[in-house]
Amino acid sequence: MNLVVDADRVLADLRELHERHGGPDGARRLAWSEDWLAARAWFASKLAEIEGFTFDRDEAGNVWAELPGDGEGFVIVGSHIDAVPSGGWLDGCLGLMAALGVLRALAASGERPPVTVRLVDWADEEGARFGRSLLGSSAAAGTLDPDDVRDLLDAKGTRLQDALAACHVDLDNAGAATSRLAGALAYLELHIEQGPVLLDAGRLASAVSGTFGDERYLITFKGQSAHAGSTPMRLRRDSLAAAATAALEIREVGIRHGGVCTVGAMTADPGVITAVAGSTEMMLDLRHLDADTLATMLEENLEACRAAAEKFDCEVSHRRVFGATPTPFHPKLVQFAREAVDAAGGGDGDPIPSGPLHDATEIGRVVPTVMIFAQSDPPLSHTAIEDSPEQALRIAIEAYGRTVGATLAAVAAGELEEARA
Ligand SMILES: [Zn+2]
């Protein structure tokens, strides 16, 4: 099935969205805000232009549109319109506008697709306001526990539950959104890479093999605060020296296993220039595509902390603050995406894993899923200077349409199983 998405129009939509709901200071589409609702209203007006279309909102606030097809089940295309404050013009929006382009192309063809195609705009992918990412997609995937998030506060002290209620979403009923995935055959998402891997490799687009599992820990080293002048070096119990030593070894663990390990922050107490640090708290984030390797990395990181603590006569304790298992994408869909990128002029390169989490991370747990990445240049995201070469966007948009086409053809031929949901 040859599905040609009008890349000019996708780019024009992206620029229009950026003009109306972004600007020189970046995106103005923070989830559960007036700005976000306004951007969604703009998007609804775009959907309304397509004939034969219905759209509505599920219990978690995700917006769904539907183009009916002939057979059983359905294929899902989409991404998210919400953005971090002052974010870029492509994160989330590229995938959503490309999904809109897919529906336009299908509607314009005049033929019913072999199965229904649904478009989704996931609610609050970024988690920028309350610190909880993937809210709408995790509700749909059945992994959201309302009690985990209800009392999260934004910077102004508003509770998450109340902010959702103001947008007519009942948090306790959000889990009913799982019904939207019953019968789903595939989920396909286009996104910018948001990192430097494709740029470094000189590639404009790529199929994505899956998203990294992610473990986050708070690690506390306890020594003894003491006078910086009177305490000889050999008699110190320096918690900051222990944490710094551990941090350097943690770096090596990431390198050794082909994953990523990040000590993003350290806070030393009492934190004065004339005292040995009595206690130091360190934030650790580690990610890998393979669950066993991630577990090994975690064990080696904790061992590095124990060894460093011992070396500096300190104690160490740790607390897990977040965990997400890896989501390898569906092998057949990854193959389709790889072939589509090649056919669109992006070359035949190995699929790359995603370090950032995406809605596809949640949906990929229950529905066969794949993503396509467009190169980011500069290789930065969550900033107003986020960008991609136009050629990369065009190739990625074409590859996305081709992947949807190949998926629909496979569905028509009975080659894709139903969702595990
Ligand atoms: Zn995104």
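Index from 1, following the sequence. For ligands, and for the atoms within them, numbers begin at 1 and follow the listed sequence.
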- Can you find a side-chain donor-acceptor pair between Trp64 and Asp58 that sits under 3.5 Å? yes

- Query: Cationic tip of Arg216 within the cone over Phe322's six-membered ring, i.e. under 6.0 Å and within 45° of the normal?
  - Reply: yes

- Task: Output yes when Asp6 and Arg104 qualify as a salt bridge under the 4.0 Å nitrogen-oxygen rule, no when they do not.
- Result: no

- Message: Could you measure the distance from the OG1 atom of Thr325 to the CD atom of Glu215? Nearest 0.5 Å is fine.
- Response: 9.0 Å

- Message: Nearest 0.5 Å, please: how far is CG in Asp387 from OG1 in Thr383?
- Response: 10.5 Å

- Query: Under 2.8 Å from the Zn ion (ligand 1), how many protein N, O or S atoms can be found?
  - Reply: 3

- Query: Below 4.5 Å, heavy atoms only, C-beta onward: do Val208 and Ile372 meet side chain to side chain?
  - Reply: no

